[in-house]
Student: 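Sharing a structure, written as structure tokens. Questions coming.
Starting from 1, each residue takes its place in the sequence as its number.
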Amino acid sequence: MADWLRDAVFYQIFPDRFARCERVPKLASLEAWDAPPGTSGYKGGDLRGVVERLDYLSELGITALYLNPIFTATANHRYHTADYFAVDPMLGGTVAFEGLLTACHDRGMKVVIDGVFNHCGRAFPPFADVAENGAASPYRDWFFVHALPLDPYGAHSPRYASWMNLPALPKFDTGNAEVREFLQRVAEHWVKVGIDGWRLDTPEQIETPGFWQELAARVKAVNADAVLIGEVWDEPSAWLAPQGPFDAVLNYHVGGRILPFVGQESLDRKLTQKLAYPFKGEVNGEQFAAFLEQLYARFPAKVTQSWLSLDACHDTPRRASMLSGDRRRVDLAEMLRFTLPGAPCIYYGEELALEGGMDPGCRAGFPWDSASCETTDWVRRLAALRHGHLALRRGEFRVLAATAKAFAFARTHTDGAVIVALNVGDDTVELPVSPDIQLGTLLLGEGSVAAGRLRLPALRAGVWQASLPP
């Protein structure tokens with residue numbers, strides 16, 4: 001497992017919507033940057049634009065980028081891959097991507113890209129060949145063909161298997177050795193180019209035995225420190241060490257409990273009712289503490305410290321909207337993202353508490369004219385806190401106290417200990433502190449200690465240096 005994951009702070013970039021460089025030629029028919037995002041329109045963000053904003057990201061505390069798909073495709077999100085060996089010209093092409101890699105690596109910043117290996121787009125040449133040549137195509141067995149001609153743009157029901165029955169996303173037959181070899185070569189190629197890892201899309205959809213294990217082995221043979229991060233929404237045991245193929249997962253399993261615990265009655269359940277996440281039941285502090293204790297007990301600490309902590313992305317409403325625009329609760333959720341085990345992963349614009357509903361509403365152009373607010377400063381301070389305290393990156397997790405509306409835990413390391421406490425209720429609360437625990441400096445947030453009790457104002461959190469018994 002790559003050790004750098006435990007120290008990382010990730011930033012997820014949707015390339016078409018983050019930043020636009022005027023030096024990259026633009027097509028005439030683009031959506032206005034500040035117009036409401038459309039399902040199929042392009043705004044013209046590009047990779048040189050990302051390079052121009054690296055100072056902003058570094059100052060925020062970011063040490064790793066996760067990029068949504070960058071390969072040539074026929075959709076603004078680029079999950080409809082047409083060419084797995086070329087970066088989309090609208091993003092500046094492969095030269096722009098290599099420039100981004102160099103600029104990031106010069107800063108000590110890692111770059112992870114999206115790998116879409118379950119399905120491709122209709123413009124992918126082998127699929128287009130089957131559409132043109134039918135039974136005579138040498139690529140016919142690369143896909144699950146039910147009937148010919150394919151007629152991929154026709155009015156009938158799809159004549160081939162596709163992701164979510166969407167004709168635009170034909171599914172690979174990874175039981176075919178030629179398909180497996182092609183996809184494994186793609187994975188190897190971009191690691192050789194210099195990426196630091198892959199975020200792997202919908203891994204549960206590929207059921208071919210050994211596929212992910214082989215991909216992991218071939219990637220690690222090129223670069224042992226390259227990471228494989230699975231898009232896993234449910235309980236992640238099957239995917240992680242020691243039995244699983246991935247170094248980490250996108251940990252919606254925890255993020256989906258953070259939102260109802262922090263949100264309480266402010267969680268917009270109408271907005272989230274159609275999502276498998278967040279968790280649909282009520283989550284109080286005692287339930288949240290028990291859930292975390294049981295989850296973390298199932299994995300080695302190095303594993304839980306490496307998964308990516310997030311609660312919103314390009315596939316969900318934005319967190320501020322899910323929390324009904326309550327900035328206090330947004331900041332509490334951010335506190336947990338940075339202090340619980342795992343590498344924080346910020347979806348672009350979350351540091352501004354941007355609002356937005358489901359796709360495409362969560363994919364607006366980044367508002368560079370107003371790229372700062374109190375939440376931005378809060379994120380910057382949390383990142384600095386995490387970078388400055390080894391306990392928050394590599395420390396063991398221990399629950400100290402929990403009530404219906406409050407929760408306190410420790411992160412302990414031989415280098416030092418940190419205590420985190422938060423109150424998600426509308427009234428001041430007090431939490432008992434063991435007499436064996438010595439609290440020191442308040443590092444961030446609010447709260448006080450008296451007579452063996454932590455006192456937290458309503459909707460506030462605090463982080464303290466501490467000394468704990470073994």
Side-chain angles (χ1 to χ4, degrees), residues 12 15 66-75 77-88 94 97 111-130 139-145 160-193 195-223 226-234 236 238-240 244-250 308 313-315:
Q12 179 189 348
Y66 150 41
L67 304 177
N68 283 109
I70 60 172
F71 303 139
T72 304
T74 54
H77 48 73
R78 297 185 170 84
Y79 283 92
H80 296 51
T81 313
D83 187 344
Y84 283 86
F85 289 100
V87 175
D88 200 306
T94 301
F97 179 59
V111 179
V112 171
I113 65 174
D114 219 317
V116 187
F117 297 152
N118 173 67
H119 50 268
C120 60
R122 286 177 292 204
F124 179 57
F127 182 78
D129 193 280
V130 181
Y139 299 104
R140 176 179 174 177
D141 293 336
W142 280 40
F143 308 95
F144 295 97
V145 176
Y160 49 90
S162 58
W163 184 76
M164 299 289 287
N165 293 318
L166 296 172
L169 296 170
K171 182 176 172 62
F172 284 119
D173 181 357
T174 52
N176 182 310
E178 292 176 346
V179 172
R180 287 199 307 277
E181 178 59 25
F182 172 81
L183 295 173
Q184 307 289 353
R185 284 193 295 108
V186 171
E188 290 175 320
H189 171 78
W190 291 103
V191 176
K192 291 175 181 177
V193 169
I195 68 168
D196 299 289
W198 288 97
R199 176 270 193 188
L200 298 163
D201 188 62
T202 61
E204 79 286 351
Q205 303 268 331
I206 295 180
E207 298 179 344
T208 303
F211 177 88
W212 292 116
Q213 286 77 8
E214 181 184 357
L215 187 143
R218 290 178 64 163
V219 164
K220 299 290 186 179
V222 177
N223 179 2
V227 298
L228 300 175
I229 303 168
E231 182 204 12
V232 176
W233 293 74
D234 297 320
W239 299 100
L240 293 168
F246 298 154
D247 298 284
V249 295
L250 300 178
L308 272 60
C313 70
H314 63 289
D315 285 326

Student: What are the two closest non-hydrogen atoms of Tyr79 and Pro69, and how far apart are they?
Tutor: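 Closest approach of Tyr79 to Pro69, heavy atoms only: CZ-CD, 3.4 Å.
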
Student: Scan His77, Arg199, Gln12 and name whichever one has a side chain to side chain donor-acceptor pair (under 3.5 Å) with Asn68.
Tutor: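 The passing option is Gln12.
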
Student: Going through the distances and angles, do Val111 and Leu67 end up as a side-chain contact (heavy atoms from CB on, under 4.5 Å)?
Tutor: CA-CA 8 Å; Val111 179; Leu67 304 177; 4.2 Å; yes

Student: For Pro203, is there any backbone N or O sitting under 3.5 Å from a side-chain donor or acceptor partner on Trp212?
Tutor: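 Yes, the answer is positive, given that a donor and an acceptor are paired below the 3.5 Å cut-off.
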
Student: Less than 4.0 Å between a side-chain N and a carboxylate O, is that true for Lys171 and Asp173?
Tutor: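 Salt bridge: no.
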
Student: Asp83 side chain to Thr72 main-chain N or O, any donor-acceptor pair under 3.5 Å?
Tutor: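 Such a contact is absent between Asp83 side chain and Thr72 backbone.
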
Student: Can you name the closest pair of heavy atoms from Ala238 and Pro245 and give their distance?
Tutor: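 Taking every non-hydrogen atom into account, O-CD, 4.1 Å.
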
Student: Short question: side chain of Trp198, backbone of Ala187 - any donor-acceptor pair under 3.5 Å?
Tutor: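 Yes.
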
Student: Within a strict 4.5 Å, meaning less than it, do heavy atoms of the Val227 and Phe246 side chains meet?
Tutor: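 No; the side chains remain at least 4.5 Å from each other.
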
Student: Side-chain contact test, heavy atoms from C-beta onward, threshold under 4.5 Å: evaluate it for His119 versus Pro170 and give yes or no.
Tutor: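 Not touching, per the 4.5 Å side-chain cut-off.
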
Student: Got a second to check how far Leu169's CG is from Thr81's OG1, nearest 0.5 Å?
Tutor: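 One gets 9.0 Å once the value is rounded to the nearest 0.5 Å.
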
Student: Taking all non-hydrogen atoms of both residues into account, name the closest pair between Val232 and Pro236 and its distance.
Tutor: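 Answer, listing the atom of Val232 first, then Pro236: CG1-CA, 4.2 Å.
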
Student: Apply side-chain contact (heavy atoms from CB on, under 4.5 Å) to residues Glu231 and Asp315 and explain how you reach the verdict.
Tutor: CA-CA 11 Å; Glu231 182 204 12; Asp315 285 326; 3.7 Å; yes

Student: For the pair Arg180 (side chain) and Gly175 (backbone), establish whether a donor and an acceptor sit closer than 3.5 Å, ignoring hydrogens and angles.
Tutor: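 Yes, because the side chain of Arg180 sits within donor-acceptor range (under 3.5 Å) of the backbone of Gly175.
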
Student: Are side-chain heavy atoms of Glu204 and Trp239 found at a separation under 4.5 Å?
Tutor: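 The answer is yes, as the side chains (C-beta and beyond) meet within the 4.5 Å cut-off.
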
Student: What's the separation between atom OG1 in Thr74 and atom NE2 in His80, rounded to the nearest 0.5 Å?
Tutor: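 So the OG1 of Thr74 and the NE2 of His80 are separated by 5.5 Å.
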
Student: Would Phe124 and Tyr84 count as a close aromatic pair, with their ring centres under 6.0 Å?
Tutor: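 They qualify: ring centres under 6.0 Å apart.
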
Student: Taking everything shown except Tyr139 itself, do over 12 heavy atoms lie less than 6.0 Å from its OH?
Tutor: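 Counting other residues, nucleotides and ligands, OH of Tyr139 stays at 12 neighbours or fewer.
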
Student: Would you check if the side chain of Asp196 reaches a backbone N or O of Ala226 as a donor-acceptor pair within less than 3.5 Å?
Tutor: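 Answer holds: no.
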
Student: Looking at Phe143 versus Phe172, is the centre-to-centre ring distance below 6.0 Å?
Tutor: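 So the answer is yes for these two rings.
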
Student: Nearest 0.5 Å, please: how far is CD1 in Ile229 from CG in Asp247?
Tutor: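 Interatomic distance, Asp247 CG to Ile229 CD1, rounded to 0.5 Å: 7.5 Å.
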
Student: Quick check on the 6.0 Å ring-centre criterion: do Phe127 and Trp142 meet it?
Tutor: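 That pair fails the under 6.0 Å test.
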
Student: Rounded to the nearest 0.5 Å, what separation is found between the CD atom of Glu214 and the CG atom of Leu183?
Tutor: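 Result: 10.0 Å between the selected atoms.
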
Student: Testing Phe97, Trp190, Phe85 one by one against Phe71 for a ring pair (Phe, Tyr, Trp, His ring centres under 6.0 Å), which residue passes?
Tutor: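 Of the listed options, the one satisfying the test is Trp190.
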
Student: Is the shortest distance from a Lys or Arg side-chain nitrogen in Glu181 or Arg218 to a carboxylate oxygen in the other one below 4.0 Å?
Tutor: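 Result for this pair is yes, salt bridge flagged.
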
Student: Mind checking the CD1-CG spacing from Ile206 to Leu200? Nearest 0.5 Å is all I need.
Tutor: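 Between atom CD1 of Ile206 and atom CG of Leu200 there are 8.5 Å.
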
Student: Between OG1 of Thr202 and CH2 of Trp233, what distance do you get to the nearest 0.5 Å?
Tutor: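 Output value for this atom pair is 11.5 Å.
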
Student: Checking the side chain of Asp88 only, and the main-chain atoms of Ala73 only, is there a donor and an acceptor separated by less than 3.5 Å?
Tutor: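 Pair found, side chain donor or acceptor close to backbone of Ala73.
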
Student: For the side chain of Gln205 and the backbone of Asn118, is there at least one donor-acceptor N/O pair under 3.5 Å apart?
Tutor: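 No, because the side chain of Gln205 does not come within donor-acceptor range (under 3.5 Å) of the backbone of Asn118.
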
